[in-house]
Visitor: 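Here's a structure for you.
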Number of protein chains: 2
Amino acid sequence: MGLSFEREDDLTARASIRNAALALFAQRGSDRVTVRDIAADAGVSPALILHHFGSKDGLRAAVDEHAAQAFDAVFASLEGTDLVDALSGANPGSIAEAFARGFPPGSPLPAYLRRLFLTNDPAGSALFGRWYAATADMLAAMDRLGATTPSHDPVVRAAFFLVNDLALVLLRNQVATVIGADPLTPAGLTRWGAEVTSVYAEGAFRAPPKEG
Amino acid sequence: MGLSFEREDDLTARASIRNAALALFAQRGSDRVTVRDIAADAGVSPALILHHFGSKDGLRAAVDEHAAQAFDAVFASLEGTDLVDALSGANPGSIAEAFARGFPPGSPLPAYLRRLFLTNDPAGSALFGRWYAATADMLAAMDRLGATTPSHDPVVRAAFFLVNDLALVLLRNQVATVIGADPLTPAGLTRWGAEVTSVYAEGAFRAPPKEG
DNA sequence: CAGTATACTAAACGCTTGTTCAGTGCGCGG
DNA sequence: CCGCGCACTGAACAAGCGTTTAGTATACTG
């Protein structure tokens, strides 16, 4: 069928349970997913899930860890990009861009990330902290290269950029509805990125006219 | 119709059930809250909740509607602000600003909004649609006044501004951690708004230097 | 005053849930 | 062959859930 390198047939039962759980958790949240739901999707008996993962919460932890690894891989692709390359392009170091690049269109991982932030999961906070540090580093490097206008408050500026980027992942569905295109697909991302880059480069508001 | 002058003592049982549910739903999500939990917090019997709201889902709908009204009231305070006044100020029409102004520090409503958006609740989608329309209208009005630089893609620009603003509400806790101040308090908001306004007015990225 | 509607409760019901139990089939070392 | 371990299952269990039922107290109506 497609681009997925994983073939369901060859997966161990343990892996197919994990994958089914990941997809269902991302879509509905783990509270709205029963062990029996996961078992049905994975094609196994409910008891086997407990056999492999001990409990539903053990399965959740395993899925969390698995997802965190995938996110770290995407995150690493950001740190790897050459700054000069990034500067020649549009919005440098975009997380949304990395997501669109790293995850196939139907991947449950963006939605899973959203759940991670929603539940104030410590894993989500740790992820945010790492991403914030990377964003701040990148902005500082750009500062040194003279690629940015100076900021009075670099701490807030880094948070502002990061948060704007994450918002596109978190509000993906709502954005898709109003602009008519999924912003995490290449096409949608191009359109989104063009406008964002324009605002980041030139601003959007003019100074108010002097009173007269 | 204010919310601030409500006192727990003279609330009807119906209202106190609604309030208890709102707080618990915002904190844990409705799936992790039982009818018995709400009843205990509201000081009534579980059966009374069903008597007044028909079902747990009926209660959820009532809480949704109640919260949506509060949100729309806050949002209406944005539309009411004179455009010229807004232009002379900092970031015009900031939702985060309206939140800090309209909701007391301990209010569960920002957290409730987050759940509405991040769980794909239809009520959240409806809210987003209304807010998007208002944002687009405001930007169009500013365009007509010459207060903005022209955009090639006003649809995306409006979404960008709205989403950036909502991000501050959605990621409030994480932002508070990295910048060391709750961005939905007056102090934090001032600091945040200053940087945002600076980027929106002047941009942040310089054109890359020509190679040579 | 009786009659009725309303706010409210204690107790129970039926269902779904996560989990356990007692296996079954099977590959493998001896 | 036996015996052990492992992946796996169907059936059942106990707990917790939303909800129902059958009722009490209180206030209003005529």
Side-chain angles (χ1 to χ4, degrees), chain A residues 6-67 108 112 115-116 118-119 121 123, chain B residues 6-67 112 115-116 119-123:
Chain A
E6 288 176 344
R7 293 214 325 253
E8 281 296 326
D9 297 346
D10 302 2
L11 286 180
T12 66
R14 202 188 138 90
S16 67
I17 289 170
R18 201 192 354 80
N19 286 358
L22 173 65
L24 288 174
F25 287 173
Q27 189 191 7
R28 285 188 245 160
S30 66
D31 290 327
R32 297 194 107 93
V33 175
T34 70
V35 173
R36 288 165 176 83
D37 289 338
I38 302 166
D41 271 29
V44 299
S45 75
L48 188 63
I49 294 180
L50 286 308
H51 172 69
H52 277 305
F53 296 94
S55 67
K56 185 188 183 182
D57 213 63
L59 171 59
R60 236 209 37 188
V63 172
D64 268 3
E65 192 181 356
H66 183 69
Y112 198 84
R115 301 274 170 192
L116 224 50
L118 211 208
T119 52
D121 195 309
Chain B
E6 289 176 348
R7 290 217 336 248
E8 281 295 326
D9 296 347
D10 35 8
L11 285 181
T12 65
R14 201 187 140 92
S16 67
I17 289 170
R18 205 195 346 84
N19 286 358
L22 173 65
L24 288 174
F25 287 172
Q27 190 191 5
R28 283 188 246 159
S30 66
D31 290 325
R32 288 213 190 277
V33 175
T34 70
V35 172
R36 287 167 176 84
D37 289 338
I38 302 166
D41 270 28
V44 300
S45 75
L48 188 63
I49 294 180
L50 287 307
H51 172 70
H52 278 305
F53 296 94
S55 68
K56 185 189 183 182
D57 212 64
L59 170 60
R60 237 209 35 189
V63 171
D64 269 5
E65 192 182 357
H66 183 68
Y112 195 85
R115 291 220 124 81
L116 275 188
T119 55
N120 289 330
D121 194 308

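Numbers restart at 1 for each chain; the letters A, B, ... are given by sequence-line order, proteins then strands.
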Visitor: Closer than 3.5 angstrom, by distance alone: can the side chain of B:Arg60 be matched with the main-chain N or O of B:Ser55 as a donor-acceptor pair?
Guide: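 No; zero donor-acceptor contacts below 3.5 Å.
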Visitor: When the distance from NE2 of A:His52 to P of D:dA7 is rounded to whole Å, what number comes out?
Guide: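 Computing the A:His52:NE2 to D:dA7:P distance gives 6 Å.
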Visitor: Hey, is the main chain of A:Ala62 close enough, under 3.5 Å, to the side chain of A:Arg18 for a donor-acceptor pair?
Guide: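 Not a single qualifying donor-acceptor pair exists.
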Visitor: Expressed as a whole number of angstroms, how long is the span from B:Ile17:CD1 to C:dA7:P?
Guide: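 So the two atoms are 11 Å apart, to the nearest Å.
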Visitor: Between C:dC8, C:dT20, D:dC8, spot the one nearest the side chain of A:Leu50, thanks.
Guide: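 Per side-chain heavy atoms of A:Leu50, the pick is C:dT20.
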Visitor: Given atom NE2 of B:His51 and atom C1' of D:dT21, what is their separation to the nearest angstrom?
Guide: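 After rounding, the gap between these two atoms is 14 Å.
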Visitor: Round to the nearest Å and state the distance from A:Ile38 atom CD1 to D:dC8 atom P.
Guide: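 Value for this atom pair: 16 Å.
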Visitor: Which atom pair, heavy atoms only, marks the closest approach of B:Asp64 to B:Ala123?
Guide: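 Reported closest heavy-atom pair: OD2-CB, 3.8 Å.
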Visitor: For the pair made of CZ in A:Arg14 and C1' in D:dC6, what is the distance, rounded to whole Å?
Guide: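 Checked: the CZ to C1' distance equals 14 Å.
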Visitor: Run B:Asp31 and A:Arg32 through side chain to side chain contact (heavy atoms under 4.5 Å, CB included) and show every step you take.
Guide: CA-CA 7 Å; B:Asp31 290 325; A:Arg32 297 194 107 93; 2.8 Å; yes
Visitor: When every nucleotide of nucleotides 10-17 of chain D is labelled 5' to 3' by its protein contacts under 4.0 Å (heavy atoms), B for base, S for sugar-phosphate only, - for none, what sequence of letters results?
Guide: B-B----B
Visitor: Under 3.5 Å, is there a donor-acceptor pair linking the side chains of A:Ser16 and A:Asn19?
Guide: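 Absent: no donor and acceptor within the cut-off.
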Visitor: Quick one: pull up CD1 in A:Ile17 and CG in A:Leu50 and give me the separation to the nearest 0.5 Å.
Guide: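 Reported to 0.5 Å precision, the distance equals 9.5 Å.
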Visitor: Nearest-Å distance, CG (B:Leu48) to C1' (C:dT9)?
Guide: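 About 9 Å, once rounded to whole Å.
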Visitor: What is the distance, to the nearest angstrom, from the CD1 atom on B:Ile49 to the P atom on D:dT20?
Guide: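 Taking atom P of D:dT20 as the reference, CD1 of B:Ile49 is at 14 Å.
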